[in-house]
Amino acid sequence: MPTDFEKSVYEILKKIPKGKVITYKAIARKLGKKSSYRAVGNALNKNPYGYFAISSEAIGNRRSSIRGDLACHRVIKSNGEVGGFAHGTKRKIKMLEKEGIKIEEGKVDLKKFEFDL
DNA sequence: CATATGACACTAT
DNA sequence: AATAGTGCCATAT
């Protein structure tokens, strides 16, 4: 069972559009808990949705047993590095690139790809 | 209640 | 630029 904190994290994640990313720190800030960025990562790591549940558009895809539309792979570190991923960082990178997000020197240009602010 | 853990962030080297 | 140490916070045990 997801805790309230975890659910609040997932709710914010639903708002991130394809082609954009958000940082763990920004999510924490949006929750009004600017220092909980680390806990945000924990919540995502335990997320009950599969990594393939990348977006609403993926619903219907034969490979996905969609249970939601959380784009967990769109959450990266505040310094632009991709960060971790429960199903492999390599996979996370591929998914991001597939959405048009460029990763150079292992980093994403937040100026260009960060959603909101 | 006390410790340990980790998809992080910052600062100081 | 790269590394190491410190701080943080929700959960698990």
Side-chain angles (χ1 to χ4, degrees):
Chain A
M1 263 303 262
T3 62
D4 287 342
F5 176 77
E6 291 166 346
K7 286 189 285 190
S8 64
V9 169
Y10 304 152
E11 282 308 305
I12 288 184
L13 209 48
K14 287 181 181 176
K15 302 174 184 172
I16 311 305
K18 170 184 172 186
K20 287 290 182 181
V21 298
I22 188 170
T23 66
Y24 297 95
K25 185 180 179 180
I27 288 180
R29 176 165 46 71
K30 278 177 157 302
L31 289 176
K33 301 182 176 183
K34 67 171 188 175
S35 306
S36 303
Y37 38 79
R38 195 162 189 185
V40 168
N42 285 347
L44 295 180
N45 188 35
K46 298 190 315 188
N47 101 75
Y49 307 92
Y51 73 87
F52 32 72
I54 61 176
S55 68
S56 52
E57 80 187 51
I59 295 179
N61 183 316
R62 60 179 174 64
R63 295 188 50 193
S64 49
S65 53
I66 300 295
R67 281 155 284 171
D69 59 349
L70 296 187
C72 308
H73 65 290
R74 295 187 188 136
V75 186
I76 68 176
K77 294 198 190 184
S78 62
N79 65 357
E81 290 178 353
V82 174
F85 193 56
H87 305 280
T89 300
K90 301 293 291 183
R91 188 168 270 152
K92 181 174 182 178
I93 292 175
K94 276 189 178 179
M95 293 168 84
L96 288 172
E97 293 182 324
K98 192 125 186 175
E99 293 187 0
I101 294 171
K102 289 180 180 138
I103 301 175
E104 300 175 357
E105 308 289 307
K107 289 188 176 182
V108 171
D109 185 343
L110 290 173
K111 297 278 189 184
K112 296 178 181 170
F113 303 105
E114 184 174 26
F115 176 71
D116 190 33
L117 244 315

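Note on naming: letters A, B, ... go to the chains in the order of the sequence lines (proteins, then strands), and numbering restarts at 1 for each one.
Residues A:Ile27 and A:Ile16 are members of one and the same hydrophobic cluster, defined by side-chain heavy-atom contacts under 4.5 angstrom among Ile, Leu, Val, Met, Phe, Trp and Tyr.
Residue A:Lys33 has no polar side-chain atom (N or O) positioned under 4.0 Å from OP1 or OP2 of C:dC8. Here A:Ser36 does not reach the OP1 or OP2 of C:dC8: none of its side-chain N or O atoms lies under 4.0 Å away.
Within 3.5 Å, a donor on the side chain of A:Asn42 pairs with an acceptor on the base of B:dG6, or the reverse.
The CG-P distance, from A:Asn79 to B:dT11, rounds to 13 Å in whole Å. At whole-Å resolution of the value, CD in A:Glu81 and C1' in C:dT3 are 12 Å apart. Atom P of nucleotide B:dA7 and atom CD of A:Glu6 are separated by 14 Å, given to the nearest angstrom. Atom OH in A:Tyr10 sits about 11 Å away from atom C1' in B:dA7, given to the nearest Å. Atom CZ of A:Phe5 and atom C1' of C:dA10 are 6 Å apart (whole Å). One can place CZ of A:Phe85 at 16 Å from C1' of B:dG6, the figure rounded to the nearest angstrom. Atom OH of A:Tyr24 is separated from atom C1' of C:dC8 by 16 Å (rounded to the nearest Å). A:Met95 places its CE atom 17 Å from the P atom of B:dA7, with the value rounded to the nearest Å.
Counting non-hydrogen atoms under 4.0 angstrom, A:Tyr37 reaches a base of the nucleic acid.
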With a 3.5 Å cut-off and sequence neighbours excluded, list the donor-acceptor pairs that the side chains of residues 29-37 of chain A form with protein atoms.
from, atom 1, to, atom 2, distance (Å)
A:Lys30, NZ, A:Asp116, OD2, 3.0

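Listed nucleotides C:dA10, B:dA9, B:dA7 differ in distance to A:Leu44; the shortest reach to its side chain belongs to B:dA7. Checking B:dA7, C:dA12, B:dC8 against every side-chain atom of A:Cys72, the shortest atom distance belongs to B:dA7. Which of B:dA9, C:dC8, B:dA7 sits closest to the side chain of A:Ser35 comes down to C:dC8. Candidate nucleotides B:dA7, C:dA12, B:dG6 were compared by shortest atom distance to the side chain of A:Lys46, and C:dA12 ranks first.
By the 4.5 Å heavy-atom criterion applied to side chains, A:Cys72 and A:Phe85 are counted as neighbours.
Of the charged side-chain nitrogens involved, none lies within less than 4.0 Å of a carboxylate oxygen, so that A:Glu97 and A:Lys94 do not count as a salt-bridged pair.
With rounding to the nearest 0.5 Å, the separation of NZ in A:Lys20 from NZ in A:Lys112 is 11.0 Å.
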